[in-house]
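What you see is a predicted model, and the numbers here were worked out from it, not measured in a lab. Naming: A, B, ... by sequence-line order, numbering from 1 per chain.
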2 protein chains.
Amino acid sequence: MNITLSATLAANEDIARRRRAGQRVLNLAFGEAGLPVHPALRERLAEASRENGYGPVAGALGLREAAAGYWARRGLPTDPESVVCGPGSKPLLYALLLAIGGDIVLPMPSWVSYAAQAELAGVRPILVPAPPGEGGTPDPDQVVGAVLHARAQGRTVNTILLTLPDNPTGRLAAPETVTRLVRIARGLDLMIISDEIYRDLVHDENAAFLSPADIAPERTVVTSGLSKSLAIGGWRIGVARLTSAPLRDRLLAIASEIWSSPATPVQQAAAYAYTEPPELVERVTASRRLHGTVARAVADRFARAGAHLAYPQGGFYLYPDLAPLRRFATSAELASTLLDEYGVGVLPGSAFGDAPGNHRVRVATSLLYGEGEEQRLATLDAERPLDLPWVAASLGHLEEALAGFTERRRFAAWMPGSLAPVTP
Amino acid sequence: MNITLSATLAANEDIARRRRAGQRVLNLAFGEAGLPVHPALRERLAEASRENGYGPVAGALGLREAAAGYWARRGLPTDPESVVCGPGSKPLLYALLLAIGGDIVLPMPSWVSYAAQAELAGVRPILVPAPPGEGGTPDPDQVVGAVLHARAQGRTVNTILLTLPDNPTGRLAAPETVTRLVRIARGLDLMIISDEIYRDLVHDENAAFLSPADIAPERTVVTSGLSKSLAIGGWRIGVARLTSAPLRDRLLAIASEIWSSPATPVQQAAAYAYTEPPELVERVTASRRLHGTVARAVADRFARAGAHLAYPQGGFYLYPDLAPLRRFATSAELASTLLDEYGVGVLPGSAFGDAPGNHRVRVATSLLYGEGEEQRLATLDAERPLDLPWVAASLGHLEEALAGFTERRRFAAWMPGSLAPVTP
């Protein structure tokens, strides 16, 4: 087993270290939602601070009922008995790999932890590229061949995973792609895991969103959480909507031996959140708008600099191809240069399973809203967030960095307070 | 992989269901500390409710420094860099199995989750009985043979585990036993995991406590947490003291892909707890005294009924042998009879790896302190907790149940409000 610190978490810690050392670094590497926790959730957490017992492994009934209601309002009638909560959707995804067993088809690129978790669980991922212009879903045209090939080699392939909308590409799979994939999953008798943690952050509220659970509820496990939509990643709460009692029981057995249950006070706050009271719906709406505005503005900078990219449709990521700007042996080398010489932290596409020689990088845009609660709330409330000085400064840093990077000018972004390009 | 819901958590959920259905059940099955959370911890949690970021995988620096101080005050100078925090010591133990790899020697009996986690991690446990009258440590006289036998069969054996003091037996391994085991671990080149989550609940404050880390810090990983000493099991926080940077990095890599980090507000409360301020030291002292008093009182009831047992020395468990009372084919059947016919929930020794035909059961005594915060605080504060009506009633239930069980009289404990024995 050859496993290293999760690429996103490692990048975040590295950038924090550089900043403590006085370097000026734009953190476009980490997928933290970058917004304050809503006071209503803080109140619920504090109110629940008496609760110190373990409670059910599946999570408190009130939380499971609320999560069931959340899905029901999205067209997925849900029995609270089929809901399992965990300390984040990450552990739920890991335990699902163990509970389902067998190898898994992943989109390429896809979130760093899917493949790493598979390795930990002794499962071999089958990476299938996303269809051109899409992200978060393996190309249906290539799935059948990949699965039949693996099975012909004696491998057991049980699962296919989708991310709707996607990290790292920020793209939302088209309903017809999802429909085709579901048909293929049925034909190959594959379970589907649909990671919908960014679902409420699809930028266009009228965009067509099709979950595989809408058309194949019998074989689709949906995972979600509040880390992204309500920015409480550090509170560690996730939910899964299971397909059957045997799979749920297997998942619960694994959960009971790895983590017991999510933190009880957090469960109470999450139960409130999943009832979707107006104040939190409003917060999610404002967050979605801000994430979209800033993600598109960052995409503009990359596009103007000459990068190729598909504009993001959800969440706070984009996945530009920087090959037109400058060439490197690997995307890892490209990302190192951007960080060391231009003070811009991004993640190389190779961390997401992309070919090492590819020049794609994942750009997270959610840490551009400012430092500290006050700036971030002001950004969230602003009519024109891009005009706020701290947002404009970051976008300016990015523009200059991309220009310097393209022209191979050294850039003193690592000097505290300085954004001026330096002639070599 | 054949894994079922953790026996302790399953028993707790079963008893909760029976109670909702109106049955009167004495919960001696579940190891929840049964005391309220201290207001100072609730305050810290509420104060930290603004903290919603992921933070370092190893846990916040303040928490790691505080945990290092906790160990330093116990004679183990500790670098905060060698501390890794997790959402409970349970996930840390699981990740350690993956990080160290190879098979593990476990005491028999031992906590239900060690063997279950080993199965999940693809590790085969080697169960070695505890020395007569002891618990939580494999018998040094049998370890060498067991390990050499396994190695001769081509197995890789890398680790030996101790629980100090022990769950399920409530016994504390003698310093000379620990010393001998450490010598053997050195000879066999085994890592040692020392689960010391009950350390602060050794009943006799002057009892000799020897951690393997005191004499073999180079090969001993210590795990602990606040679930037992400060009764915040539901908050999910644990800490591990690692031996080397490579092992720590491996553990962090695994943690980063399974759970990311413990809930941030809980980390802040835990950081306060590990500084051991007087109010919390006092709380732990009072808890230790209460656990000891009640565990001994329960042990008295079993002893008077004719059971064989070694009196508990730490935590809130005892592990009586009920063979002198009545015979069954298995301890599971015995435990079922006690629950169904006498309203007493205990766990069969077989859940802890004991031979199925053995008549030992694990009795947890920490849920006898009453229902709700008010009763439990009163029990904690009482000079003579055994005289409180709710404690006395539970002990009375137990006495009558044991008498009825021994004499094979049916007992209407399942009737709400009734404790009267019923003639068959």
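Ranked by heavy-atom pairs shorter than 4.5 Å toward chain A, the options Ala10(B), Gly233(B), Gly101(B), Ala33(B) are led by Gly233(B). Interface summary for chain A: among Pro265(B), Ser256(B), Ala46(B), the most heavy-atom pairs under 4.5 angstrom belong to Ser256(B). Interface remark: of the candidates Ala16(B), Pro39(B), Pro91(B), Pro91(B) forms the most heavy-atom pairs closer than 4.5 Å to chain A. Interface summary for chain B: among Trp259(A), Tyr94(A), Phe30(A), the most heavy-atom pairs under 4.5 angstrom belong to Tyr94(A). Ranking Gly88(A), Gly55(A), Ala231(A) against chain B, the residue ahead of the rest is Ala231(A), based on heavy-atom pairs under 4.5 Å.
Distance check: Arg42(A) CZ to Leu45(B) CG gives 11.5 Å after rounding to the nearest 0.5 Å.
Looking at Tyr114(A), there are no atoms closer than 4.5 Å to chain B (heavy atoms on both sides), in backbone or side chain. Both the backbone and the side chain of Ser113(A) come within less than 4.5 Å of a heavy atom of chain B. Both the backbone and the side chain of Pro56(B) come within contact range of chain A, with heavy atoms under 4.5 Å apart. For a residue to count as touching a neighbouring chain, one of its non-hydrogen atoms must lie under 4.5 Å from one of that chain's; by this rule Leu35(A) touches chain B with the backbone only. In this structure, no portion of Gln267(B) lies under 4.5 Å from any heavy atom of chain A. Using a 4.5 Å cut-off between heavy atoms, Pro262(B) touches chain A through its backbone atoms (N, CA, C, O) alone.
Nearest approach of Glu257(A) to Ala116(B), heavy atoms of both residues: OE2-CB, 3.1 Å.
Between Pro87(A) and Arg236(B), the closest side-chain pair of non-hydrogen atoms is not below 4.5 Å. Contact check for Ile258(B) versus Leu120(A): side-chain heavy atoms found under the 4.5 Å cut-off. Side-chain contact between Ser49(A) and Val37(B) is absent, with no heavy atoms from C-beta onward closer than 4.5 Å.
Within 6.0 Å of CZ on Arg124(A) lie no more than 12 heavy atoms contributed by other residues, nucleotides or ligands.
Checking each of Ile254(A), Val57(A), Asp249(A) against Leu5(B) for a side chain to side chain contact (heavy atoms under 4.5 Å, CB included) leaves exactly one that passes, namely Val57(A).
Under a 3.5 Å cut-off, the side chain of Glu32(B) and the backbone N or O of Tyr54(A) do form a donor-acceptor pair. Judged by distance alone, the side chain of Trp235(A) and the main-chain N or O of Glu51(B) form a donor-acceptor pair under 3.5 Å. In terms of modelled atom types and a separation under 3.5 Å, the side chain of Arg50(A) and the main chain of Pro36(B) share no donor-acceptor contact. Between the Thr264(A) side chain and the Gly234(B) main chain, a donor and an acceptor come within less than 3.5 Å of each other.
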Stepwise side-chain contact (heavy atoms from CB on, under 4.5 Å) test for Leu9(A) and Ser260(B): CA-CA 8 Å; Leu9(A) 293 162; Ser260(B) 299; 4.3 Å; yes
